[in-house]
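Reviewing the structure listed below.
Just so we're on the same page: letters track the sequence lines, and every chain starts at 1.
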There are 2 protein chains.
Amino acid sequence: MSLYTTSSLKAELNERGWRLTPQRETILQVFQNLPKGNHLSAEDLYNELQTDGERISLSTIYRTLKLMARMGILRELELAEGHKHYEINQPYPYYHHHLICVRCNKTIEFKSDSILKIGTKTAQKEGYHLLDCQLSIHAICPTCQRSLMPA
Amino acid sequence: MSLYTTSSLKAELNERGWRLTPQRETILQVFQNLPKGNHLSAEDLYNELQTDGERISLSTIYRTLKLMARMGILRELELAEGHKHYEINQPYPYYHHHLICVRCNKTIEFKSDSILKIGTKTAQKEGYHLLDCQLSIHAICPTCQRSLMPA
DNA sequence: GTGCTTGCAAAATATTTGCAATGGC
DNA sequence: GCCATTGCAAATATTTTGCAAGCAC
């Protein structure tokens, strides 16, 4: 199921005075072919492309990721790893959320209709166009509660 | 209203084999005296301390912020600015959340009991000890919707 | 006294930017 | 042809780390 075709991507870019380049098309491809629930960092994407024999510079990747996040094409995830991850932004959002242990970084993903409802309503009330909503729960996991280690 | 006294902080540190140092006490002071709703980055805290004539190195600040976040004393905020912010973690949590424009970074804060309930329940179900929960809504604000600028 | 903690400088990590060349429109 | 975009290298920003000296326990 492809959300964007070459021409719909081009249309959306041109509307803002931007251009469709092979690099942008390739990057979007990768995200559209990514198994549901997967997400890539800039570095991940770079390696992925290298493997496929595509030669796109890291700068372009960073620029494209930011651009597509701002256009609402990609969803920017703030996980615990210290750098951003990206995934395709579903048109009918059914976002997952994160329960993160602040000591060992163990992360559990979960879904919630109620959160989506709250997000939708809040954005609507302020006149914002919703792209994404994520609940991050920071907590201490059972294992780390038992341990007195610094970790 | 001081949540931690010198001795309760010391107790909590010693329990894990850590030590109470003047630096740690001073840093906690700053956060406890911070007006409600304010938050500081590592750099902010460093400058704040310089102004007050305190001489604490940036390394120590980074180390202390991370330590206190992992202890649950401080709450780590992931705002849109590319670096972390910290604020005191209220014992009876009434967390605020963020509606963020991905183009201009304009951010609206809001509160929600339902989110807190969802966070509490989710953490509980997995046996996690809740420290903090934050909903981040990424969206496009009315102004940016109207503008075709690259932002 | 032991070993956690600090400050400093250097390193590591993640991301951005200046600029000439390229190539969409 | 105009100017957005790319790739490269250098710059920036943020955070981490090695190590000797200091200090909490």
Could you state the atom-to-atom distance from [atom1] of [X] to [atom2] of [N] in whole Å?
X: A/E15; N: D/dA4; atom1: CD; atom2: P; value: 17 Å
X: B/E12; N: D/dC25; atom1: CD; atom2: C1'; value: 18 Å
X: B/L9; N: D/dA24; atom1: CG; atom2: C1'; value: 13 Å
X: B/Q50; N: C/dG7; atom1: CD; atom2: P; value: 11 Å
X: A/N47; N: C/dA14; atom1: CG; atom2: P; value: 12 Å
X: A/E25; N: D/dT5; atom1: CD; atom2: C1'; value: 15 Å
X: B/L67; N: C/dT6; atom1: CG; atom2: P; value: 9 Å
X: A/I61; N: D/dT6; atom1: CD1; atom2: P; value: 11 Å

Does a nitrogen or oxygen in the side chain of B/S57 sit under 4.0 Å from OP1 or OP2 of C/dT6?
-> no

Taking OP1 and OP2 of C/dG7, is either one under 4.0 Å from a side-chain nitrogen or oxygen of B/Q23?
-> yes

Hey, mind stepping through B/T6 and B/E25 against side-chain hydrogen bond (donor to acceptor under 3.5 Å, both in side chains) and telling me if it holds?
-> CA-CA 7 Å; B/T6 299; B/E25 203 178 346; 2.4 Å; yes

Polar side chain donor-acceptor pair, A/D132 to A/Q134, under 3.5 angstrom | yes

With A/K125 via side chain to side chain contact (heavy atoms under 4.5 Å, CB included) - residues at least two apart | none

Please report the interatomic distance [atom1]([X]) to [atom2]([Y]), rounded to the nearest 0.5 Å.
X: A/I27; Y: A/L49; atom1: CD1; atom2: CG; value: 6.0 Å
X: A/E87; Y: A/L74; atom1: CD; atom2: CG; value: 9.0 Å
X: B/T120; Y: B/I115; atom1: OG1; atom2: CD1; value: 11.5 Å

Could you check whether the rings of B/H97 and B/F110 sit parallel, tilted or perpendicular, using 30° and 60° as the cut-offs?
-> tilted

Taking five pairs at each terminus, the helix from C/dG1-D/dC25 to C/dC25-D/dG1 shows an axis bend, to 10°, of 40°

Per-nucleotide protein contact string for nucleotides 15-25 of chain C (B base, S sugar-phosphate only, - none; heavy atom under 4.0 Å) = BBBB----BBS

